[in-house]
Structure formats: structure tokens, C-alpha cells
Colleague: 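Supplied in C-alpha cells, the structure appears directly below.
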Amino acid sequence: MGLGQGRNAPCWCGSGKKFKLCHLNRDSQTAIMPWEAAKVLRTSFSEEVCSAPNEWRDLCSKQIIRAHTVPRSSSLNRIALNGHVYTFIPSFENLTKNNGRLVPELVGVRRASTFTGFCSTHDGGIFSPLETTPFVGTTEQLFLLGYRALSRELYTKESTASMTEVRRDTDKGRGIREQVAIQAFNSTFERGVSAGLRDARAEKAEYDVLLCSRQFEEIRGYVIETTEAPPVMCSGGCFPSIDFDGKRLQDLSNLKLRPAMISFSSFWGGAAGAIVLQWRAKDQTLCERFAASLHRIPDEGVGSALGRLMFNCFENVHIAPLWWEGLDARTQAALVRKMTDTANPFVEQKDDALRDDGILLRGFTVANRYTVGFSFS
Ligand SMILES: [Zn+2]
Ligand SMILES: [Zn+2]
């Protein structure tokens, strides 16, 4: 069995192990139970590390905390109901319970949006220009939004990469045809994961240098201020591949290139709601095109556009319960569908994912918009 393979030759699946230690007799091995996979997933996503620059690690406190990713700790309180917000938790149990759909769940604001990715000293110290003074769009504040989003992206990518072994074992007890299909799937997925990890690590190392030398001049951004706290709050980084007009911006399938990166944050800035796109000067051309396509959308369409962006590109999304419960069932179902696809690495983003799809989202009243470090050309 096994594609006419020698026992001591490297296994056909690409694991790098010998066939006899890998896929020989895999069809008769005990299948991995969903709860076993879920446990590994949970463990890898609760790894405790401090993401501060290496040079500063000797100052780390002993305590790794649940660091909030949505900036300004009071932000989520502003949209919470009885101390809770809706959040998407892509766990195995949740997906099974809801027939593969990722539906939002109420989570206490103290846990929502957190990751165990900073020690108490560095979480408080690094981000204090963002946390303790109102947001006014300084390059330092923009940098810190990007730094936090990037730290979380890197943390998530490291966790995903650490799951390689588990993913490779998911064909235990299956027939040879299924084994081949599953491992082909895995190989494609792993290539994407390792390229993403390589890019996020490189980006993070460069952000560390900027932070240590306090060089924030190369930070660029586009800020939308809203009169109230945004009903959907989010912090994330992405490689934008399409804009709000449905135009292609960059081809992510060439894994050799490091794509342009943008961070997105929506939160309460202290005096106004703040929705911030942030990037570095090296990615100006592409990120400006992305921001310009959002800038062209009239004020009354901005909420719907931001909704498309957040539900199509980020999982780290937190929702005001009153806002969510005020949506009609059709709109809720559409947003759940978007989020379910976003969380599934095998569903490719459609070219028109950010274009107007007729789903109207209210609750984002635009008060002001401005650019940081550039003007639209
Ligand atoms: Zn194998
Ligand atoms: Zn630390």
C-alpha cells in the first residue's frame, strides 16, 4: 500500500519523515478525535509570550497579561451591554454546535479582544501614548496601533504554524485516496502559513527597530472620526488584495514577495470614535490606493463599507449587543456568512468582497476624515 513507496524513503506526504514512521499503515491508525484537536488548538492559542522588542526583554515583568487588542481599555465598555460584547470565537466546538457557521457569542469585556502577548510592564509602558491620552492621530499613536495589530497577527500566525503536526495527522484511519487529498490540502495550506509567518516576522522585526529608535516619521494613515463609539470594534493587520471598487491591488499568490501591509483599528478615541488605517511609507502606493477607494465613499455609505471590511478581513471583531440585536435577520445572516468564510482559510476572498452589496449598516456617523503623513494624489 502507499503509492509503491519504500519503507525507509521520505514519505510521499512531504512531512520529511520516513514512510515507515509516517503514512505506513495510516489507514489502520486511530483517528484523531475532534476534542483532541480542539485541545491542542486551545493550548497553542494560550501560549504566554511578551512581544516587546528583544532588546527590552530583560525588563519584562513575570506576569504575562491578557492584553487588549482593541485600543484604549475603556473602548469596549462604551459599546458593552451588562459588561458584554459579541465576539466571534472560531473554536471547533462552536463551529460544530452551529453547523459550521461562526455565530457571535457574548463575551465579558475583560476577556474580549485579548491575547496573552505582552507582559504587564510592556503592555502598560509601550502603549501608554495611546491608552492614557485622547487619540488625536499623531504618528506615534498610529505606529502603536499598527504595532499592536501586528503583534497579534504574528502571535496568531505562530500559533497556526505550531499546529502543523496536528493537521498532518488528521487523515489517520482514512483510506489512501482521502489521505492523499487531505495531505495535498495541508501542503498548500502550510505553504501559505509559512510565507505569512515569514512576512509577519520580517515586518515585526522592522517595527521593533522603529519603536526602539522612536522613528515614527515614516508612518502613514487615514483616519475617520465618528460622533459616537463605533458599534463594531476591531484591531487587525492584513495584506489588502482588493479595494472598495473591486479592483485588484496585489497578487498574494506569489509567495516569494512580501506583500504590502495595512493595519486597521476601530475604537473610542476619548473624544470621538476613531477608525484608522495605518501603514508604512514603503507601502505607500498600494495602501494609498486602498485608502482612496474608501475616501471616495460618501459619509452615509461609510458604515456599510467598514462593515464589509471588518467582516470580510478580520476575525478579531467586537460588536455592541444593542446594535447587533437591532439588525434584521437577513443582515445578521449575511454578516455571519461573511465571517464564517473569513475564518475558513480555504475560502478565497472574492474580488467584489468590499464592493457595495446592498447591506446597509448604520451607527457610524462620520464627523471628520483626515490623512496622516501624506495627501491624496
Ligand atoms: Zn507521511
Ligand atoms: Zn515584556
Side-chain angles (χ1 to χ4, degrees), residues 41-73 113-133 138-165 190 192-221 235-239 255-265 276 278-283 287 314 316 373:
L41 189 68
R42 248 195 322 273
T43 319
S44 87
F45 277 94
S46 49
E47 182 99 35
E48 298 193 342
V49 290
C50 180
S51 311
N54 284 330
E55 294 90 314
W56 296 358
R57 294 284 174 84
D58 47 349
L59 297 173
C60 277
S61 69
K62 293 234 160 42
Q63 199 195 359
I64 300 290
I65 54 165
R66 293 196 145 272
H68 276 274
T69 54
V70 168
R72 296 185 62 90
S73 20
S113 106
T114 58
F115 78 129
T116 49
F118 280 103
C119 75
S120 54
T121 304
H122 286 126
D123 189 55
I126 293 173
F127 298 105
S128 83
L130 201 54
E131 296 291 325
T132 57
T133 51
T138 64
T139 48
E140 181 180 28
Q141 288 179 322
L142 258 63
F143 170 86
L144 292 172
L145 291 175
Y147 191 73
R148 186 182 330 234
L150 179 57
S151 299
R152 182 189 179 276
E153 288 305 323
L154 181 57
Y155 180 95
T156 309
K157 286 187 162 68
E158 299 274 9
S159 303
T160 308
S162 73
M163 296 281 292
T164 301
E165 287 283 309
E190 298 300 337
V193 168
S194 65
L197 185 56
R198 176 201 65 205
D199 296 340
R201 278 181 182 156
E203 198 80 25
K204 173 67 165 52
E206 292 169 12
Y207 267 75
D208 283 348
V209 172
L210 298 181
L211 177 62
C212 292
S213 57
R214 300 191 48 80
Q215 286 177 47
F216 307 127
E217 314 83 64
E218 64 155 293
I219 297 304
R220 306 283 179 267
S235 160
C238 73
F239 306 120
L255 298 181
K256 292 205 185 94
L257 299 176
R258 188 195 327 174
M261 189 175 168
I262 207 162
S263 80
F264 178 87
S265 314
V276 183
Q278 171 274 340
W279 61 91
R280 288 170 57 197
K282 72 175 175 69
D283 295 333
C287 294
F314 304 106
N316 189 27

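Heavy atoms only: backbone and side chains are in, while hydrogens, waters and symmetry mates are out. Note that the structure is a prediction, hence the values are computed from the model and not measured.
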Colleague: Roughly how far, to the nearest 0.5 Å, is the CZ atom of R66 from the OG1 atom of T114?
Modeller: 4.0 Å
Colleague: Would the distance check show the side chain of S113 and the main-chain N or O of H68 forming a donor-acceptor pair, the cut-off being under 3.5 Å?
Modeller: no
Colleague: Can any side-chain N or O of S51 pair as donor or acceptor with the backbone N or O of G117 at less than 3.5 Å?
Modeller: yes
Colleague: Just jot down the side chain to side chain contact (heavy atoms under 4.5 Å, CB included) partners of Q141, sequence neighbours excluded, or say none.
Modeller: L130, T133, F135, V136, T138
Colleague: Considering only residues two or more places apart or on different chains, which pairs with a residue in residues 210-220 satisfy salt bridge (charged side-chain N to carboxylate O under 4.0 Å, His left out)?
Modeller: E140-R214, E218-R280
Colleague: Identify, with sequence neighbours excluded, every residue that meets ring pair (Phe, Tyr, Trp, His ring centres under 6.0 Å) alongside F143.
Modeller: Y147, Y207, F216
Colleague: At what distance, to the nearest 0.5 angstrom, does CD of E48 lie from CD of Q63?
Modeller: 9.0 Å
Colleague: Supply the atom-to-atom distance N316 CG to S265 OG, rounded to the nearest 0.5 angstrom.
Modeller: 10.0 Å
Colleague: Got a second to check how far C238's SG is from F264's CZ, nearest 0.5 Å?
Modeller: 9.5 Å
Colleague: Sequence neighbours excluded, which residues qualify as side-chain hydrogen bond (donor to acceptor under 3.5 Å, both in side chains) partners of T132?
Modeller: none
Colleague: CG/D199 to CG/L154 distance, rounded to the nearest 0.5 angstrom?
Modeller: 11.0 Å
Colleague: Which residues pass the side chain to side chain contact (heavy atoms under 4.5 Å, CB included) test with A205, sequence neighbours left out?
Modeller: none
Colleague: Applying side chain to side chain contact (heavy atoms under 4.5 Å, CB included), can you list everything that pairs with C60, at least two apart in sequence or on another chain?
Modeller: C50, R57, C119, H122
Colleague: For D283, what residues pass the salt bridge (charged side-chain N to carboxylate O under 4.0 Å, His left out) criterion, not counting sequence neighbours?
Modeller: none
Colleague: Nearest 0.5 angstrom please: T156 OG1 to L197 CG, how far?
Modeller: 11.0 Å
Colleague: S162: what forms a side-chain hydrogen bond (donor to acceptor under 3.5 Å, both in side chains) with it, not counting sequence neighbours?
Modeller: none
Colleague: Cut-off 3.5 Å, side chains only: do Q278 and S263 have a donor facing an acceptor?
Modeller: yes
Colleague: Could you please spell out the steps behind the side chain to side chain contact (heavy atoms under 4.5 Å, CB included) verdict for Y155 and S159?
Modeller: CA-CA 6 Å; Y155 180 95; S159 303; 4.0 Å; yes
Colleague: Once side-chain hydrogen bond (donor to acceptor under 3.5 Å, both in side chains) is applied, do any residues pair with S128, and if so which ones, sequence neighbours excluded?
Modeller: none
Colleague: Applying salt bridge (charged side-chain N to carboxylate O under 4.0 Å, His left out), name anything that partners R201, two or more places apart in sequence or on another chain.
Modeller: E158
Colleague: Should E203 and R258 count as an ion pair when the cut-off is N to O under 4.0 Å?
Modeller: yes
Colleague: Taking only residues two or more places apart in sequence or in another chain, which ones pass side-chain hydrogen bond (donor to acceptor under 3.5 Å, both in side chains) with E190?
Modeller: T164, R167
Colleague: Not counting sequence neighbours, which residues clear side chain to side chain contact (heavy atoms under 4.5 Å, CB included) with E131? List them please.
Modeller: P71, R72, S73, F127, R148
